[in-house]
Amino acid sequence: MERYVLGVDGGTESLRAGVFCCSSGQLLASCASPYDTTHPRPGWAEQRPEDWWHALGVAVKGAVAAAGVDPAQIAAIGMDTTCCTVVALGEDGLPLRPALLWMDQRSCAQAEQLVATGDPHLRVNSGGAGPVSAEWFLCKSLWLKQNEPAVWSATHTMCEYQDYLNLRMTGRMVASINCASVRWHYSAETDGLPTTMLAAAGMPELAAKWPCEILRLGAPVGGLTPAAAEHLGLPQGLLVAQGGADAFIGMLGLGVVRPGQMALLTGSSHLHLGFVDHPMHGQGIFGTYADAVLPGLHCVEGGQTSTGSIVHWFKRTLVPSGVTYDTLNEEAACVPSGCDGLYCLDHFQGNRTPHTDPLSRGALVGLTLAHTRGHVFRALMEAVAFGTRLILDTMRERGFQPESIAIAGGATRSPLWLQIHADVCNVPFVLTKQTEAPMLGSAVLAAVAAGMHTTPEAAVAAMVEVDRVVEPSAHAHAAYAPHYERYLTLYPSLKAVFHSTAGKAAASGGAAHGTTTSTAPAAPPPSHAPGAASAGEAAAAAAAAAAAAAAAAAAAAAAAAAATAACSALPLPGITSATSPAPSMHRAALQQANAPGTSPAPAGALPGIVSASILAADFACLGQEARSALDAGAHWVHVDMFDGSYVDNFTFGPPVLSSLRASLGPSAFLDCHLAVARPQHYVRAMAAAGASQLTFHAEVLDCNASAMAALAAEIRSAGMRCGIALAPDTPASVLSLLLDAPDGPDRPAVDLVLCMTVEPGFGGQAMLPRVLDKVAQLRASYPRLAIQVDGGVNAETAGAAVAAGANVLVAGSALFARGKAPGAARDAAVLRAAVSALTCPLAAAGYSGSGSS
């Protein structure tokens with residue numbers, strides 16, 4: 001009789017379970033069950049452990065049913081989960097509070113306190129140089145001790161997501177050597193728990209709160225209790241295998257089990273995880289983590305913050321709609337290696353390793369009029385591959401010699417990019433048939449625990465199948481050598497620009513994901529980098545360029561300040577002047593929130609605003625549709641104006657806006673979102689048509705601070721409020737120069753920041769939750785700034801947007817139904833209820849003017 005195992009992957013947004021064949025690793029069927037994440041404050045992220053348990057039951061039952069196997073044929077269950085998702089349990093084993101999700105950033109100050117201890121256990125953090133991420137377990141634990149002492153005192157056990165579900169399934173509380181080693185500063189090679197570090201940080205008692213046992217991966221945790229068996233629809237006593245952190249378990253799912261092998265997990269970023277047979281630590285690498293995955297092996301970690309997100313940025317912002325990635329790959333394939341002298345620095349959101357520099361930024365160097373779109377696209381791909389090689393070279397200097405790299409994720413969809421990676425790194429790249437690497441890795445561990453295979457290595461040999469290998473070309477690798485050497489000169493040459501006063505201001509809110517401080521030390525230029533001897537000359541030139549850029553930005557900011565003063569004395573279209581009737585509560589609060597010379601205020605000093613997007617309305621009756629939304633309690637009318645160049649859609653122009661103004665009267669607030677190639681050309685026409693607020697995209701001005709400040713000043717001088725929109729993948733840091741000037745965060749050069757939570761273009765898209773981290777970042781830095789969220793806002797998602805820090809919600813599809821009877825013919829009560837569903841979370845968060853509609 002064929003035997004099967006269950007592999008479970010507990011992710012950020014959902015839990016997935018799959019039924020795998022023990023002998024071949026074939027996935028028969030899988031099922032996913034989602035759960036919610038709450039954001040009580042900006043930068044915070046929490047989940048309910050009970051939701052994980054519920055999702056586990058749904059996903060396991062669904063997968064077994066879909067696979068059509070008898071539950072009695074299931075030999076064991078293995079599980080990977082997010083890591084650093086911290087759970088505080090009372091003596092009865094019940095959660096005392098929601099879990100602090102891995103991405104929660106509330107413990108930044110505690111991360112700095114831990115680095116300040118200088119403890120030897122910090123050697124896994126770039127050889128002790130740091131930084132330590134606020135995501136890591138000790139940081140969150142120290143935050144709980146310092147900020148929730150009652151919870152801390154009542155906590156009997158501090159554990160991970162993984163440990164909690166194992167407890168629910170088996171009744172046994174144990175920890176994973178994987179999670180403990182890679183994120184708890186546990187050391188299997190020396191003294192185990194980091195007791196000296198805990199004592200230095202002032203929380204020695206954490207050692208007693210951790211699980212008493214730490215198990216190796218694949219070790220039996222125990223059998224399913226009767227209650228767990230009923231909940232999962234599986235036999236009582238079914239064996240549960242010890243798992244660990246998703247990415248590291250994914251190494252097994254990719255067949256990485258020997259020294260010299262590496263797993264490369266790609267997406268918006270790159271994560272590099274490799275095995276060596278000896279400990280190695282040093283600046284520019286994370287780890288090594290002894291026995292964290294397999295006994296006797298040490299795991300080394302590296303990472304690039306911006307990889308897939310760079311090519312996506314290029315296609316989204318600079319390539320006409322309708323041009324596919326296949327077309328871009330074809331054009332890039334026609335360009336020679338080195339792109340005819342065009343080079344890119346891939347630090348678009350800082351550098352994780354080896355420089356560990358959140359202030360570093362991207363650059364294109366060597367552009368000429370002869371370069372084409374294909375040159376630029378290939379330069380981006382080559383830069384990412386060069387960045388990967390630099391990480392490998394840094395690891396090689398410490399003793400890791402990569403023999404093969406098993407790759408998974410988005411980069412595998414481009415044969416050209418795969419070949420560039422292989423040729424640049426001079427290492428074979430391996431692709432496996434099963435792309436669900438973490439879930440398969442969990443199944444591997446389950447098969448070992450059940451005795452179906454003797455070791456993880458044996459299970460991998462049977463269950464992981466290679467699809468193909470991309471071999472490097474010796475000729476191509478030699479051709480890339482001089483271009484790689486030139487790439488190495490970019491960071492040391494440009495570092496002074498990035499670290500200038502203006503550069504620091506621009507980067508203050510946009511450190512790379514997982515970086516907790518803006519003072520992370522950068523590694524010195526590699527000793528083998530050519531041009532290092534002339535770094536002083538390059539730094540001097542870069543500093544001069546930075547000074548000029550800072551002066552230009554300051555001049556533009558001063559112009560914006562002058563425009564602000566002029567604008568405050570003008571009666572804005574749709575906003576009452578000093579001689580008009582008193583403004584409504586939401587407008588008064590918005591003006592107060594931006595008043596100069598005031599100190600930061602709580603949410604109540606900001607208005608809660610619902611802006612009804614007529615992009616989803618009946619275009620034949622726009623005036624009537626907009627009026628119905630305002631009558632139902634919406635505060636603003638959101639008008640999306642696209643010219644087909646920036647996004648693939650044509651909508652309205654100034655004449656339509658003028659008609660809306662005439663239809664709605666002078667008191668209506670027309671919130672205009674201008675997604676066009678040349679927004680500066682429309683400022684006067686929009687003002688004449690009656691726009692109350694004009695929001696333009698940072699991307700169309702290349703996120704240039706001087707250009708954005710100048711346009712903001714022009715908009716304000718025309719009598720309109722000014723907003724700046726950011727596409728989903730544009731970091732908040734591009735606005736720091738504007739938001740920090742001219743008079744500090746209490747009076748920035750713009751009135752509002754619009755964070756797109758869908759790709760700009762058409763309505764009806766689902767919200768992209770990742771953008772809410774950017775909203776939280778902005779709110780934490782600028783408590784008095786109006787922050788607007790646009791895209792996928794409805795009764796289900798509004799709460800998350802508000803919790804992240806948004807006080808202005810744009811909603812279209814949730815309010816309008818294009819093609820149905822407009823205005824009075826529609827049930828006004830239904831529309832009023834839809835608006836109310838959006839104002840309720842605003843009111844609950846304490847934003848003024850949103851308690852009733």
Side-chain angles (χ1 to χ4, degrees), residues 34 36-39 584-587 589-590 603-604 606-640 660 663-665 667-671 673 754-755 757-758 762-769 772 775 786-853:
D36 293 331
T37 299
T38 59
H39 301 271
S584 65
M585 183 185 299
H586 69 274
R587 291 176 188 148
L590 196 50
L606 281 172
I609 294 171
V610 173
S611 190
S613 173
I614 58 174
L615 188 63
D618 189 330
F619 287 3
C621 317
L622 285 180
Q624 193 174 356
E625 290 275 74
R627 172 51 60 193
S628 67
L630 293 173
D631 290 344
H635 307 95
W636 293 355
V637 175
H638 187 80
V639 186
D640 286 303
L660 274 175
S663 174
L664 299 175
S667 63
F669 191 96
L670 299 184
D671 172 28
H673 173 200
L754 188 164
C755 294
T757 44
V758 297
F762 291 89
Q765 302 179 57
M767 179 180 287
L768 299 173
L772 298 185
V775 174
I787 301 176
Q788 185 177 68
V789 163
D790 183 0
V793 175
N794 53 44
E796 288 72 37
T797 60
V802 173
N807 69 297
V808 184
L809 303 178
V810 176
S813 300
L815 303 182
F816 299 108
R818 185 180 298 157
K820 295 184 179 180
R826 183 184 299 146
D827 187 347
V830 173
L831 184 55
R832 188 175 299 109
V835 173
S836 179
L838 304 179
T839 59
C840 283
L842 290 165
Y847 290 114
S848 65
S850 52
S852 60
S853 326

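Keep in mind that what you see is a predicted model, and the values were worked out from it rather than measured. Each residue takes its place number in the sequence, starting with 1.
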What's the shortest heavy-atom distance between Ile787 and Cys755, and which atoms? CG2-SG, 4.5 Å
Derivation and outcome, side chain to side chain contact (heavy atoms under 4.5 Å, CB included), residues Val610 and Val808: CA-CA 6 Å; Val610 173; Val808 184; over 6 Å; no
Check: Pro607 and Asn807 side chains under 4.5 Å, non-hydrogen atoms: yes
Taking all atoms of both residues into account, what is the closest heavy-atom pair of Ala801 and Leu772, and its distance? CA-CD2, 3.9 Å
Quick one: does Leu660's side chain get under 4.5 Å of Ile614's, heavy atoms only? yes
Using atom types as modelled and distance alone, determine if a side-chain donor or acceptor of Thr839 lies under 3.5 Å from a backbone N or O of Ser836. yes
Checking Thr757 side chain against Gly791 main chain: does a donor-acceptor pair fall under 3.5 Å? yes
Would you check, one step at a time, whether the test side chain to side chain contact (heavy atoms under 4.5 Å, CB included) holds for Gln788 with Asp671? CA-CA 11 Å; Gln788 185 177 68; Asp671 172 28; 2.8 Å; yes
Would you say Leu664 and Leu670 make side-chain contact, with heavy atoms under 4.5 Å? yes
Could you check whether any side-chain heavy atom of Glu625 comes within less than 4.5 Å of a side-chain heavy atom of Phe816, counting everything from C-beta outward? yes
Residues Gly633 and Val835: closest non-hydrogen pair is C-CG1, 3.7 Å
Distance-minimising heavy-atom pair for Ala766 and Val758: O-CG1, 3.3 Å
Side chain to side chain contact (heavy atoms under 4.5 Å, CB included), that's the test. Do Ser613 and Asp790 meet it? Break it down for me. CA-CA 9 Å; Ser613 173; Asp790 183 0; 5.6 Å; no
Testing the 3.5 Å rule here: is there a donor-acceptor pair between the side chains of Asn794 and Thr797? yes
Test side chain to side chain contact (heavy atoms under 4.5 Å, CB included) applied to Ile609 and Leu809, step by step: CA-CA 6 Å; Ile609 294 171; Leu809 303 178; over 6 Å; no
Is any side-chain heavy atom of Thr37 less than 4.5 Å from a side-chain heavy atom of His39? yes
Indicate the atoms forming the closest heavy-atom contact of Ala814 with Ala834, along with that distance. O-CB, 3.6 Å
Minimum heavy-atom distance Ala806-Tyr847, with the two atoms named: O-CE1, 3.6 Å
ring-ring contact (aromatic ring centres under 6.0 Å, His included) filter on His673, not counting sequence neighbours, yields His638, Phe642, His697
